[in-house]
Amino acid sequence: MPELPEVETVRAGLAQHLIGRNILTVTCHRQSLRYPLPDFTPLIDQQIVAVNRRSKYLLFVLDNDQTLVWHLGMTGQFHLLPGLSDSGLHEHVCIALSDGQSLRYRDARRFGYAGLIDSAALLVHPWFATLGPEPLSDDFSSDSLAAVCRGRKAPIKTVIMDAANVVGLGNIYAAESLFRAGIHPARAAGNISKKRLALLTDTIKQVLQEAIKAGGSTISDFVKVDGKPGYFSHSFQVYGRAGEPCLHCGKVIKRITQAGRSSFYCPSCQR
DNA sequence: AAGGTTACCTGCCCGC
DNA sequence: TGCGGGCAGGTAACCT
C-alpha cells in the first residue's frame with residue numbers, strides 16, 4: 001500500500017464510511033504485529049469523529065479524546081465488509097461498526113502497527129515528535145529542504161526518504177521526484193544548488209499530488225466493499241524500469257542499491 | 001555522529 | 001513440478 005498518496009487515498013475512502021459510526025466490538029486474531037497491539041477495550045462504544053493522516057499514519061479520532069493510530073507498514077490493508085463474516089487470510093483485527101459493517105485489518109508481512117494515544121498528547125508521542133513537514137503543506141519549502149541538505153554528505157535520495165526531513169516519500173516517489181528534477185539519487189545532498197533543490201521541492205509536490213489524484217480511482221474501490229486488490233497503477237518513469245529506455249532521452253534506466261533499497265534513475269537525465 | 005547495513009515477516013517471481 | 005535466492009511500497013536498531 002503505503003506511500004503518502006496511498007495512505008491519503010485510504011484515509012479519504014475510510015472517512016466517508018467511518019465518520020459518525022460507533023465501534024461495537026474489536027476482535028484481535030493475534031497479540032502483536034510489528035509491535036504489541038494496544039488494549040482495544042477503550043474503543044468500545046466510542047464514535048469515530050474524524051479520520052486524519054499525518055505522514056503515513058492513519059489517525060482515527062474518537063470522541064473520548066483518544067486517537068487510534070495505525071501504520072500500514074508495507075502490506076497493511078483496510079477493508080470494509082458487510083457484517084461479521086469469517087476472517088480472511090492474514091486478517092489480524094476486526095472492528096464491528098454500528099452500521100452493521102466491519103472494518104478489517106489485513107497485513108501479510110505484519111510490518112504494520114497500531115496504538116491508542118491521548119489526542120492531546122499525539123504530537124509528543126515518539127512516533128510523531130521527530131517528524132518533518134508534510135510535503136504538500138507550505139511548511140515543506142525550498143528553504144526547509146535546503147536547511148536539511150546543507151553540509152550533508154548523504155545521498156539526496158536517503159535525505160528525502162528520511163521522515164525527519166520531509167514525510168511521506170517512499171522508494172517509488174523519491175525515485176520519480178528525483179527523475180523529474182534531473183537529480184542523480186546518489187548525489188550528496190549538500191552538493192546540490194539551492195535552485196535545483198527548489199525544483200526538487202516542486203517536483204515532490206507535483207508527483208505526490210498527481211499520485212493522489214490517480215490513486216483515488218483505483219484504491220478507493222479497494223476500500224469500498226469486497227477488497228479487490230486495487231493496486232496503484234501509475235505509469236512510472238523510472239521506478240521498476242531498469243534496463244528499459246528512458247522515456248525522455250532513450251538511454252537505459254539503471255538500478256543501484258542505496259540504504260538497502262533499489263534506486264532507479266536515468267544516467268543521462270539525472271546528474 | 002552521520003551514514004550505512006540489517007532485521008522484522010510473508011509472498012511472488014525467476015532460474016535451475 | 002520443486003526449491004532456493006532475491007526482491008518487495010517502511011521503520012528502527014544496530015554497527016562503524
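Because only heavy atoms are used, hydrogens play no part in the values below, and waters and symmetry mates are left out as well, while side chains stay in. Per chain, numbering begins at 1; letters A, B, ... match sequence-line order.
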Sugar-phosphate only, base, or nothing, as touched by A:Ala259 at under 4.0 Å among non-hydrogen atoms
base
Across all strands, who's sitting opposite B:dC9 as a Watson-Crick or G-U wobble pair, both distances under 3.5 Å?
none
Integer-rounded Å distance: B:dG11 P and A:Leu89 CG
6 Å
Among C:dG9, B:dC8, C:dA12, which is the nearest nucleotide to the side chain of A:Phe111?
B:dC8
Can you identify which nucleotide, out of C:dA12, C:dG10, B:dT10, has its nearest atom closest to the A:Pro2 side chain?
C:dG10
Of all the nucleotides listed (C:dC7, B:dC9, C:dG9), which has the minimum atom distance to the side chain of A:Arg261?
C:dG9
For C:dT11, does OP1 or OP2 lie under 4.0 Å from any side-chain N or O of A:His71?
yes
Once you apply a heavy-atom cut-off of 4.0 Å, does A:Arg152 come out as touching a base, just sugar-phosphate, or nothing?
sugar-phosphate
Considering only heavy side-chain atoms of A:Met161, the closest of B:dG3, C:dG10, B:dT10 is C:dG10
List the steps and the verdict of salt bridge (charged side-chain N to carboxylate O under 4.0 Å, His left out) for A:Arg180 and A:Asp202.
CA-CA 10 Å; A:Arg180 290 200 195 183; A:Asp202 289 343; over 6 Å; no
What about A:Arg34: does its side chain form a donor-acceptor pair under 3.5 Å with the base of C:dT11?
yes
Can you tell me, in whole Å, how much space there is between the P of C:dG5 and that of B:dA7?
15 Å
d(CG, A:Asp162; C1', B:dG4) in whole Å
13 Å
Taking atom types as they are modelled, would you say the side chain of A:Arg109 forms a donor-acceptor pair with the base of C:dA8 within the 3.5 Å cutoff?
yes
OP1 or OP2 of C:dT11 sitting under 4.0 Å from any side-chain N/O of A:Lys56?
yes
Atom-pair distance (NZ on A:Lys157; C1' on B:dG4), nearest Å:
13 Å
Looking only at side-chain atoms of A:Arg255, point me to the closest of C:dG10, C:dC7, C:dA12.
C:dC7
Quote, to the nearest angstrom, the C1' distance that separates B:dG3 from C:dG9.
23 Å
Can you classify the ring geometry of A:His92 versus A:His90 as parallel (below 30°), tilted (30 to 60°) or perpendicular (above 60°)?
tilted
Options B:dT10, B:dG4, C:dA12, nucleotide nearest the side-chain atoms of A:Pro155
B:dG4
Check whether any side-chain nitrogen or oxygen of A:His90 sits under 4.0 Å from OP1 or OP2 of B:dG11, and answer yes or no.
yes
Whole-Å distance separating the OH atom of A:Tyr113 from the P atom of C:dA12:
5 Å
Closest-nucleotide 5' rank along DNA chain B - winner of A:Gly260 and A:Ala154:
A:Ala154
Let me know which of A:Asp39, A:Val69, A:Thr41, A:Leu43 forms a side-chain contact (heavy atoms from CB on, under 4.5 Å) with A:Leu116.
A:Leu43
Is the shortest side-chain heavy-atom distance between A:Arg53 and A:Leu59 below 4.5 Å?
no
Compare all side-chain heavy atoms of A:Phe140 with those of A:Leu145 and state whether any distance is below 4.5 angstrom.
yes
Side chains of A:Arg104 and A:Ser85: donor-acceptor distance under 3.5 Å anywhere?
yes
Please determine, for C:dG9, whether a Watson-Crick or G-U wobble partner exists with both distances under 3.5 Å, and give it or none.
none
Rounded to whole Å, please give me the gap between CD in A:Glu3 and C1' in C:dT11.
13 Å
To the nearest angstrom, the CD1-P distance between A:Ile156 and B:dG4 comes to 13 Å
Specify the separation, in whole Å, of atom CH2 of A:Trp127 and atom P of C:dA12.
9 Å
First of A:Arg110 and A:Gln258 reached from the 5' end of DNA chain B, by closest nucleotide
A:Gln258
Would you compute the distance between atom CE of A:Met161 and atom OG of A:Ser177 and round it to the nearest 0.5 angstrom?
11.0 Å
If you measure from the P atom in C:dC14 to the same atom in B:dC9, how many Å do you get, rounded?
15 Å
Describe the nucleic acid contact of A:Thr158 in one word from base, sugar-phosphate, nothing, applying a heavy-atom distance below 4.0 Å.
nothing
Return the value, rounded to whole Å, for the distance between atom CG of A:Asn165 and atom P of B:dG3.
10 Å
Between B:dC12 and C:dT11, how far apart are the two P atoms, rounded to whole Å?
23 Å
